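Here the structure is a predicted model, which is why all the values come from computation and not from measurement. Just so we're on the same page: letters track the sequence lines, and every chain starts at 1. Below, each value reflects all heavy atoms present in this structure, side chains not excepted, and no hydrogens, waters or symmetry copies.
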There are 2 protein chains.
Amino acid sequence: MKELSAIAVDVTPPDRFREYLGTQAKRLTRERSIIVDEVFASHEHFDAEQLVARLSQRTDGNRVSRSTVYRTLAELEKAGLLRKVARSNDREIYEHDYGYPQHDHLICKKCGELTEFQNPELNEILQQVAAQYGFRMEGHRLEVSGICAACSRPPSRGHRKLDMI
Amino acid sequence: MKELSAIAVDVTPPDRFREYLGTQAKRLTRERSIIVDEVFASHEHFDAEQLVARLSQRTDGNRVSRSTVYRTLAELEKAGLLRKVARSNDREIYEHDYGYPQHDHLICKKCGELTEFQNPELNEILQQVAAQYGFRMEGHRLEVSGICAACSRPPSRGHRKLDMI
DNA sequence: ATGAGTGCAAAAAGTTTGCACCGCT
DNA sequence: AGCGGTGCAAACTTTTTGCACTCAT
């Protein structure tokens with residue numbers, strides 16, 4: 001995935017999660033730690049199934065069940081650590097929502113690549129529109145679809161993650 | 001739903017659908033006609049289940065099965081008559097994509113209301129961004145989430161379609 | 001101890017599909 | 001005739017949930 005650079009963060013994701021859980025009288029269990037570590041090991045977009053695949057097949061003591069993955073993803077979302085960015089192949093796609101700048105995505109219809117981009121004007125415009133409708137904006141989700149640069153040069157058959165039939 | 005005004009259309013949806021079907025060696029059956037008529041009877045956002053409910057309970061000769069509704073929605077999408085605008089309550093929400101201006105939506109988290117808005121600058125910005133990344137933009141989906149004007153005045157308990165628990 | 005959390009299997013919910021029959025062209 | 005379309009029920013996918021057991025605090 002093409003990504004923007006990270007922002008300096010004072011508190012690490014695990015810390016922030018613990019913090020959030022504390023306010024909810026919830027516990028930071030071994031399973032939840034494993035999940036946070038795995039999720040924040042790299043700034044990749046992912047879906048629940050991919051995470052389940054990685055965590056439920058571990059043979060050591062770090063295995064986590066499918067149910068717990070789903071339940072924890074929901075907590076991480078509430079904690080502001082993750083957010084759903086898009087939906088692809090009938091699955092919700094998650095990304096880090098902590099320690100990274102606000103941004104939107106270009107989604108290639110051919111290879112599925114998600115490219116992040118930032119545009120300050122965009123938010124200004126949305127603020128204006130919301131104000132105009134008396135709408136209290138809390139967030140947005142913008143997916144620009146089309147064909148990415150790599151896939152636009154067909155001769156070399158550059159970039160086809162989606163060849164899976 | 002709050003909506004924008006219609007654009008003058010030369011060809012009616014049924015005509016356009018027939019046209020499309022022709023190019024695909026497909027047929028405009030009685031069932032498909034019933035569905036197009038129902039779908040374009042009003043400019044409302046809807047999901048498959050709502051359409052199924054309306055069409056599968058008819059007692060006269062105009063009943064259409066669930067399968068056919070799903071299959072035809074897919075055709076209407078390919079024909080450029082409908083598009084998925086959002087996902088609400090785990091269902092895809094459709095709207096007319098023919099005879100109506102391009103626009104985006106404000107989605108109220110409380111009542112679920114979809115409000116359409118138009119902003120020319122938005123598209124310009126996306127064009128620029130796409131160009132910058134060598135991305136061939138084909139479309140976009142923008143959902144602005146927050147609280148609508150009606151739901152922002154809680155005392156009167158104005159507007160709560162989602163009170164369904 | 002005590003109530004939150006986990007894993008499992010079963011259940012939901014939305015959507016898709018195999019198949020036998022139907023009906024345009 | 002031939003092929004596309006329909007309806008039904010069963011299958012599938014992703015996500016959620018009931019329950020008995022486990023464990024963090």
So what does [X] touch, heavy atoms closer than 4.0 Å: a base, only the sugar-phosphate, or nothing?
{"X": "B:Arg91", "answer": "sugar-phosphate"}
{"X": "B:Glu49", "answer": "nothing"}
{"X": "B:Arg30", "answer": "nothing"}

N or O in side chain of [X] less than 4.0 angstrom from [N] OP1/OP2:
{"X": "B:Tyr70", "N": "C:dT16", "answer": "no"}
{"X": "A:Thr29", "N": "D:dC23", "answer": "no"}
{"X": "B:Arg63", "N": "D:dC8", "answer": "yes"}

May I have the distance from [X] (atom [atom1]) to [N] (atom [atom2]), rounded to whole angstrom?
{"X": "B:Asp90", "N": "D:dT14", "atom1": "CG", "atom2": "C1'", "answer": "9 Å"}
{"X": "A:Glu31", "N": "D:dA24", "atom1": "CD", "atom2": "P", "answer": "8 Å"}
{"X": "B:Gln24", "N": "D:dG5", "atom1": "CD", "atom2": "P", "answer": "10 Å"}
{"X": "B:Ile34", "N": "D:dT6", "atom1": "CD1", "atom2": "C1'", "answer": "12 Å"}
{"X": "B:Arg66", "N": "C:dG14", "atom1": "CZ", "atom2": "P", "answer": "9 Å"}
{"X": "A:Glu75", "N": "C:dA4", "atom1": "CD", "atom2": "C1'", "answer": "11 Å"}
{"X": "A:Leu28", "N": "C:dG3", "atom1": "CG", "atom2": "C1'", "answer": "17 Å"}
{"X": "B:Leu51", "N": "C:dG14", "atom1": "CG", "atom2": "P", "answer": "15 Å"}

| request: Please state whether the rings of A:Tyr94 and A:Phe46 are parallel, tilted or perpendicular, taking 30° and 60° as the class boundaries. | output: parallel
Are [X] and [Y] ion-paired here, with the side-chain N under 4.0 Å from a carboxylate O?
{"X": "B:Glu38", "Y": "B:Arg58", "result": "yes"}
{"X": "B:Glu138", "Y": "A:Lys109", "result": "yes"}
{"X": "A:Glu44", "Y": "A:Arg54", "result": "no"}

Is there a donor and acceptor pair, one atom on the side chain of [X] and one on the base of [N], closer than 3.5 Å?
{"X": "B:Arg87", "N": "C:dG14", "value": "no"}
{"X": "A:Ser65", "N": "C:dC8", "value": "no"}
{"X": "A:Ser67", "N": "C:dC8", "value": "yes"}
{"X": "B:Arg71", "N": "D:dG7", "value": "yes"}

| request: Give the minimum heavy-atom separation between A:Glu75 and A:Lys26, together with the two atoms involved. | output: OE2-NZ, 3.0 Å
| field | Candidate nucleotides D:dT6, D:dG2, C:dG5, ranked by approach to the side chain of B:Arg27 - the nearest | value | D:dG2
| request: Please figure out whether A:Lys26 or B:Asp47 has its closest DNA chain C nucleotide nearer the 5' end. | output: A:Lys26
